[in-house]
Amino acid sequence: ARVLLLFYRGCTEHFRAAVQPKLLYFFSCFLSSSGQWEKKLIFVRLIFIWLIFSRLTRPVPDVRIKINSFDGKFTGEKNKYLSFIKDYNPKVLIVVCTQSWPFDWVMHKLNDMDCIKILYTHGYSGLMKHYPIIKDIIHLRPRALKYHWHWMRYYKNAYKYIAQFDLVTYLSENNISVWYAKKHNLCNGEILVNAVENMFFVNTAYERVKVESAREEVKFIYVANYDSNKNQKFVLEAFYQSEIKNARLIFVGSKKNSYYKEVVELNSKLEREYGKRQIDFLYNQPRESIPDLLRDSDVFVCGSIKEEYP
């Protein structure tokens, strides 16, 4: 069985480590349980067995495509990309995300592909229910106008190609992509639940007070990239203003950047105003260390300005 995954470089590590095995298992369950796929049951099981076997015995080969991106449009080795798909002749084609070259370059060829076609999405960032075109013009915002105009035209027709997939996955019922599907009467979607570890539902602080050796310090933790949308500054200010005694706040981000430096500088300012507090700024933490950090903490906090999957 040939399963072809098409995704852009930015999601490669996360997709391989976390999404790919769950996604393929979900697809196998969905296709084998759906009435229209009853005759495909044996084939789907073979796909899943092939996936497990290939992950254990040899690495999945990568095919690199040169692309250039500018203002939401892609140029590059499009013909090489389409030729590879044709020559590979997959039984299952999995495309990751709209607004990406894997989707944009293949969408006009979907009807020519004789295979099961699956679109995995995690939100349509350029989609809006109402585009503020008039406001952009009135307030002389040319860059915003260009951005909104491009994505308004993009999603005016995108549903026609999304409809050609046998299955489209969404991470949440509340995502705007589900609204878009309902608006255009698309019936090929399923919710791929965005599950979390059981440790999120265990109140460790409450459990520790039952033990004689319980520590007095309460640990607050925020795991997110250092970013203005993730809004670590807001969490930091709230922590200082709360005046909670015997508490520690732990930030865990992927790497240092300009926003990280701003948060550290703000911490120095707040420390002078409120007094020293226990604050840890962690970065470059391997993904495998996150469960242990969460398990050793008491309260998970989130300060995002926008967070679709809290």
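Residue indices begin at 1 and follow the sequence shown.
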| field | Asn68 side-chain N/O to Gly76 backbone N/O, donor-acceptor pair under 3.5 Å | value | no

| Are the side chain of Glu217 and the backbone of Asn246 linked by a donor-acceptor contact shorter than 3.5 Å? | no

| Are Tyr226 and Tyr283 close enough that their ring centers fall under 6.0 Å? | no

| Where Tyr170 and Ala181 come nearest, the two heavy atoms and their spacing | OH-CB, 3.4 Å

| Hey, does Leu266 have a side-chain heavy atom less than 4.5 Å from the side chain of Leu270? | yes

| Closest heavy-atom contact between Ile133 and Trp149? | CD1-N, 3.9 Å

| said: For the backbone of Ile162 and the side chain of Asn188, can you confirm whether one donor and one acceptor N or O come within less than 3.5 Å of each other? | reply: yes

| message | Using ring centroids (six-membered ring only for Trp), state whether Tyr124 and Trp151 fall under 6.0 Å. | response | no

| note | Paired with Tyr81, the ring-ring contact (aromatic ring centres under 6.0 Å, His included) test is passed by just one of Phe74, Phe103, Tyr88, Trp101, namely Trp101

| task | For the residue pair Tyr159 and His184, categorise the inter-ring angle as parallel (less than 30°), tilted (30 to 60°) or perpendicular (more than 60°). | result | parallel

| task | Please determine if Arg248 forms a cation-pi arrangement with Phe220, meaning its NZ or CZ atom is less than 6.0 Å from the six-membered ring centre and no more than 45° off the ring axis. | result | no

| message | Donor-acceptor check, side chain of Gln232 to backbone of Asn225, threshold 3.5 angstrom: yes or no? | response | yes

| Gln99 (side chain) donor-acceptor with Gly126 (main chain) under 3.5 angstrom | yes

| Which heavy-atom pair separates Leu186 from Ala163 by the least distance, and what is that distance? | CD2-CB, 3.6 Å

| Taking atom types as modelled, is there a side-chain donor on His148 or Asp136 under 3.5 Å from an acceptor on the other? | yes

| Does the distance from a Lys or Arg side-chain N to an Asp or Glu carboxylate O, for Lys233 and Glu265, drop under 4.0 Å? | no

| Does the pair Asp292/Arg295 count as a salt bridge with the N-to-O cut at 4.0 Å? | yes

| field | Main-chain N/O of Gln285 paired to Ser289 side chain as donor or acceptor, under 3.5 Å | value | no

| request: Would you check if the distance from the ring center of Tyr161 to the ring center of His108 is below 6.0 Å? | output: yes

| Looking only at atom types and distance, does a side-chain atom of Asp298 sit under 3.5 Å from a main-chain N or O of Lys219, one as donor and one as acceptor? | yes

